[in-house]
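For reference, the structure is listed below as structure tokens.
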Amino acid sequence: MRTPSKQSRLAALFLATALVAPAITPAAAASDEADRLREIFESYLGRPAPGAPSAVAVTPLGGDYELAIDFDRLAAPLVPLGLELKLGRSLSRLAPKPDGTWTWRSDRFEPVTWALQGRTGRVAIEGWRAEGDFSPALAAFTRQTATADRVVVDQSVPATGETPRFDVRKVDDGLEMKIAATPAAAGVDVTVDQTIRATTETFALTEGKAAGIPDMEATLKVGPTHLVATYAGLRTEALLGLWRHLVAHHAPADFTTGQVAFKQVLRDLGPLFTRMTHRATADAVEVETPVGFGSIGRIEASVEATGATADGAADVAVSLTAFEVHSLFIPAWANRLIPRDLVLHGKVTGWDGAAAVATFLDRADFAAHDPLDAAAGAEILVKALPKGAVTIDLSGNGVKATDWNVTLDGRLTAGLAGVGGEVTVRARGLEAAASALRDPAAGEAGAKAAEELALALSFAESRDGVLVWRFAFDGAAVSVNGRSLVEKPTSPTDAA
């Protein structure tokens, strides 16, 4: 089971605080207003059973309100399922503002622990500070800032007769997160900006000697990281409606006799957002293991994607620069063959996410062992591909080493009829790489790799010192520079 991350823990706190409904209006702090606020929060987090204390308490403090949420009480129903989750008690302050928004402040974040089938985890945050402005009209924070001096996450998997104990400790120093939201035509436009000054993660294997596994430890160190994420048209009202339905009103009937109502809640989400972007960088990445060490000067990653819209698209790019690796298992002669820079890019367009989701909700039976039968799955695929295929843009891919470099560009279609289109690979310096592999010091493994590389070179065309491979795809058939690699199967009609 995936353990809670610090980001999901922060999101849970922000969301729980953001559940003040649009019905709230600034008023003098009084017990009746505090009761009304408590009831609103309970409508999202769940009301207590008759005679039981509430997990939510709102107390007037001068012109402010203190909001206390007992997350341990809310998590108690998970214990019979085998998950012991201790989330602690959240304390924050709410203060009404003349413009109808609310100021929110939190200076306390209790440690979080969990245990499941022997696996344990703990999140502790030092120096937690958070504040912002919440707009009931938008059902979102218009401005929010959260900082922490240090975030420590510990996870442990116990040893068994065949596997060692596995421990992971991750420490983030200097966390800062800023969130802003503005009204949009449909929903809210949200921007998240997060920085971490430094991260250290340690992985340890112990108690495995009986199984022949020695104790060992690996360390990952990362310098400054920066993430900027945007969501256009985020459906905050519908998200809060889903939260209220699942947390406060969830029942097994949601997946049986009540699934019609539950599906409507899911339909209300619409595309969830119209478009999102994620851009992240990480500098000075270092890895140290018992058999070697490596480093990466910078990692950059970006994702742009639509929500569940009719014009589905996704663009993903990853780059690594100044990559180095040194290992007992990598001989000196092979160091010049190791890539130093890497760029990967792909863009996919042409699917209809809205039609696919709508068909899924129409055809799925949550009460069945298999919610979708084969016919329903095939119908969803047809709806998702209105043109019969998606288009894949592979421009800008490349690998660069000390003595050689390779680039890859192309455009493909992939769908019900197979793959079509062309991909072009260009390379410089591969002859030198082949020569290095044939060096006697490379041994049998190097000689075999040299043979395979020589075979690939035999298919290439040389143009101004550049080797070129043009791959053509037509259904199941593949050719390179006009020479067939894979023949297209002959149909019975063609054979006749």
Side-chain angles (χ1 to χ4, degrees), residues 8-78 85-112 125 128-148 177 179 181 188 236-250:
S8 61
R9 174 73 172 105
L10 297 181
L13 177 59
F14 295 160
L15 183 58
T17 308
L19 301 180
V20 182
I24 298 176
T25 57
S31 59
D32 56 345
E33 181 68 5
D35 289 341
R36 191 171 73 88
L37 291 175
R38 175 181 52 78
E39 291 176 356
I40 291 173
F41 276 88
E42 287 178 347
S43 73
Y44 287 97
L45 297 173
R47 292 183 172 84
S54 175
V56 180
V58 180
T59 305
L61 293 175
D64 299 348
Y65 299 91
E66 180 184 74
L67 171 64
I69 301 177
D70 187 346
F71 283 104
D72 285 344
R73 185 177 298 279
L74 294 173
L78 298 175
L85 185 61
K86 298 294 184 181
L87 299 174
R89 188 167 178 262
S90 167
L91 284 178
S92 58
R93 287 285 189 95
L94 291 169
K97 298 176 65 176
D99 62 359
T101 62
W102 290 74
T103 296
W104 170 80
R105 187 178 76 253
S106 171
D107 299 314
R108 174 177 171 178
F109 201 108
E110 293 188 357
V112 177
I125 298 183
W128 165 258
R129 300 169 294 277
E131 57 88 23
D133 297 323
F134 176 74
S135 169
L138 296 180
F141 281 94
T142 57
R143 179 192 62 84
Q144 188 174 59
T145 299
T147 61
M177 181 185 300
I179 302 175
V188 176
T236 52
E237 286 280 8
L239 274 173
L240 293 180
L242 177 63
W243 172 276
R244 176 161 51 187
H245 187 88
L246 289 178
V247 175
H249 307 295
H250 171 65

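Computation of the quantities below employed the complete heavy-atom set of this structure, encompassing side-chain atoms and omitting hydrogens, waters and symmetry-equivalent molecules. Throughout, residue positions are numbered sequentially from 1 according to the sequence presented.
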Worksheet item: Looking at Glu33 and Arg36, does any basic side-chain N land under 4.0 Å from a carboxylate oxygen?
Response: yes

Verdict with reasoning, Leu74 to Ile69, per side chain to side chain contact (heavy atoms under 4.5 Å, CB included): CA-CA 9 Å; Leu74 294 173; Ile69 301 177; 4.0 Å; yes

Here the gap from Arg105 atom CZ to Arg129 atom CZ, rounded to the nearest 0.5 Å, amounts to 13.0 Å

Minimal heavy-atom distance between Pro96 and Tyr65, with the atoms involved, is CD-CE1, 4.5 Å

**Under-4.0 Å salt bridge between Arg108 and Glu110** = yes

Sorted by chain and residue number, the side chain to side chain contact (heavy atoms under 4.5 Å, CB included) partners of Ala68 (sequence neighbours excluded) come out as Ala57, Arg89, Leu91

Check your understanding: Within the distance-only criterion (no hydrogens, no angle test), does the side chain of Thr142 pair as donor or acceptor with the backbone N or O of Asp133 below 3.5 angstrom?
Key -> yes

In short, Glu66 meets Arg93 closest at the heavy-atom pair CA-CD, 4.2 Å

Here the gap from Leu67 atom CG to Ser106 atom OG, rounded to the nearest 0.5 Å, amounts to 9.5 Å

Distance col, row Leu87:CG vs Phe71:CZ, nearest 0.5 angstrom, shows 7.0 Å

dist Arg38:CZ -> Ser54:OG (nearest 0.5 Å) comes out at 6.0 Å

N/O donor to acceptor pairs below 3.5 angstrom from side-chain atoms of residues 45-53, sequence neighbours left out:
none

Value for CH2 (Trp104) from CG (Asp64), rounded to nearest 0.5 Å, stands at 14.0 Å

Gly88 and Asp72 have their tightest heavy-atom pair at N-OD1, 2.9 Å

Smallest heavy-atom separation, Leu85 atom then Ala75 atom, equals O-CB, 3.6 Å

Sequence neighbours excluded, the answer for side-chain hydrogen bond (donor to acceptor under 3.5 Å, both in side chains) partners of Thr59 is none

